[in-house]
Amino acid sequence: MKVLLIGHPNVGKSVFFNRLTGANVTESNYPGTTVDFTKGYMNIGGEDAELIDVPGTFSLDPKDKAEEVAVAMLHENKDVRVICVIDASKIERGVYLALEILEEGYPMVIALNMWDAAVDKNIRIDINNLQRILGVPVVPTVAISGEGIKELISRLKEAKPVEIDDIIKNAGGLT
Amino acid sequence: MKLTIDQRWDLIDKIAKQTVTFGEYRHTLKDAIGELTIKPFTGIPIAIAVMYAFWSIFGSFAGFFTDGFFVRLFDAYWLPWLQEVFPGQGGWLYAIMVDAGGIEGGEFVLSDNCLESFGVLTSGLFVAIGVVLPAIVIFYLMLALLEDIGYMPRLAVLIDTMLHKIGLHGYAIVPTILSLGCNVPGVTATRILETKKQRFIMMTLLAIFIPCGAQIGIMQDVIPGLMGWILLYLIIGYFIFGYILNKIVPGKAPEFLIDVPPYRRPMLSNIGKKVWGRIAGFFKVAIPFVLLGAAIVGVLYQLGVIRFLGDALAPVFVGWFGVPKETAGPLIAAFLRKDLAVAQLSVIEMTEYQMITAVVLVSIYFPCVATFAMMLKEGWKELLGAMAVLTVVVFAYGGLIHLIGILLGVA
């Protein structure tokens, strides 16, 4: 299995990557820390899986060279499952990127990362409803402490491509 | 099926309305500090204080270990011991590995410190471990703190206006600061800039004007009194040539939008990992290059190549730049390691102003081989362009510094 971590800059992708593969890619608190991709290996239920960490990107329409790397890795690996990492406090624009990737037919799980910070800010997210509408697993996580990572990985097998029409229907239609 | 951008936002609106509720948000102390450090009125003084603290901690930590410990260890024990036990005193291998010595009154005399000896095992090891290692340990420790707290994006916002004058924007501070540790990650970090023009300007300026941590560390030790002038010349050059490049390089220099992350408490384990990773890299890559550089320069001295080059290029060195022709040796070493080059310069006899000029030349004349390789990886066209700019800069700026010296009556 091949798994790709994708998401906005500075949402914690590299923290996930290091935790899952035991690798040592640089983690910092500023957007643009990762400017190249890194591959690593992890074990999911006895099976070896390749995990790829890429630079953060706001959309699939790259604005700089680092974002180009991210989008190229997605497009070069048609057979990947995507872990879309979203800042739980900024869910709308995270979902924008997730939708773009889902539109291209990639199977996905969503990590709502920095869940603790969202709770501190009194932002409440109805996880079950979000899962129902999007049709993909959504897992709240705190990557630096490891919270939710096990569940995230165990639900990777539930990742499957979804029809955008279904999402629109579940959300109650477009205006 | 693909949605249009409007449809996508429409859909997101619907989804968010059904799943997200925003409770009341109270301002915290962290937010207050966050704002104080980003509003220019309070932010700029704080930024200056942070930089000053960085600088003084860097200097005192590195100085404490180098002067208080390594200088004694190397000069009082290591050097005399090696001079004693290494066979073939006065021979070429001895000169390259231990001590090239000097001729006084027609007789061969040994050096009395690890900078003058020029040997691989003496000067080479002393520069790498005694001087540069403490400097980069403290540099990376403080850099990791600034990175993990979340200060860098704030600095980027504060310096934005200034960097627009040279075709860049505030976020160019990230490659610039990373380059102060080592130019190699600085070059890769230029990828966060949006246009080719910006990346080219940034890469060129980094390679020419930003001294790496190793070089700053050695300057701090061997020419502390002159370092202010050297850095001033480099900073002024960074802005002058950035300004010119912005005018002549075609392309766009867009505004930048940035998410300023909240301050976060740095995790000790992550700081430790980062600092350790960078030091391990230093041991694996930098130390062999320092030793290799010392060996190559040693061999070239023995073969008389450096004397020949110095004589051949004397009109350029003495006439144009106003530095002694012996600068040729360190300039060759500078291709491998700038720290070694500065160490070698420091023992050549010259006036203070010549020293300032020579060290500035060593900094700007050519990126070290590791940086060169990384620039090549980012694109050979950019590399060629940067080299062309560099050639012009070395002669124009080197000449200008000489001229300033003449006008001031010090050169």
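The chains referred to below are lettered A, B, ... by the order of the sequence lines, with proteins before strands, and numbering in each begins at 1.
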TODO: Below 4.5 Å from any heavy atom of chain B, which atoms of A:V15 appear? Answer side chain, backbone, both or neither.
DONE: neither

- [ ] Run the salt-bridge test on A:E103 and B:R8 with the 4.0 Å N-O cut-off and return the result as yes or no.
- [x] yes

Open item on the list: Show, in sequence, the C-alpha distance, side-chain angles and deciding distance for B:T19 and A:N129, and conclude whether the side-chain hydrogen bond (donor to acceptor under 3.5 Å, both in side chains) test is met.
Closed with: CA-CA 6 Å; B:T19 55; A:N129 206 12; over 6 Å; no

Open item on the list: For the interface with chain A, which of B:R278, B:M267, B:R26 has the highest count of heavy-atom pairs at distances below 4.5 Å?
Closed with: B:M267

Open item on the list: Please classify the contact of A:L134 with chain B as side chain, backbone, both or neither, using a heavy-atom distance under 4.5 Å.
Closed with: side chain

Task: Residues B:K274 and B:D148 bridged, charged N to O under 4.0 Å - done: yes

- [ ] Anything under 30° is parallel, anything over 60° is perpendicular, the rest tilted; go ahead and classify B:H27 against B:Y25.
- [x] perpendicular

Open item on the list: I'd like to know if the side chain of A:D126 pairs up with that of B:Q18 as donor and acceptor (distance under 3.5 Å, no hydrogens or angles considered).
Closed with: no

- [ ] Identify the residues of residues 156-186 of chain B whose heavy atoms come closer than 4.5 Å to a heavy atom of chain A, ordered by number, or report 'none'.
- [x] B:Y171, B:V174, B:L178

Open item on the list: Between A:V35, A:N10, A:T33, who has the most heavy-atom pairs with chain B when the cutoff is under 4.5 Å?
Closed with: A:V35

Open item on the list: Check A:D36 with B:R191, please: is the shortest side-chain N to carboxylate O separation under 4.0 Å?
Closed with: yes

Task: From CD (A:E104) to CG (A:L74), nearest 0.5 Å - done: 6.0 Å

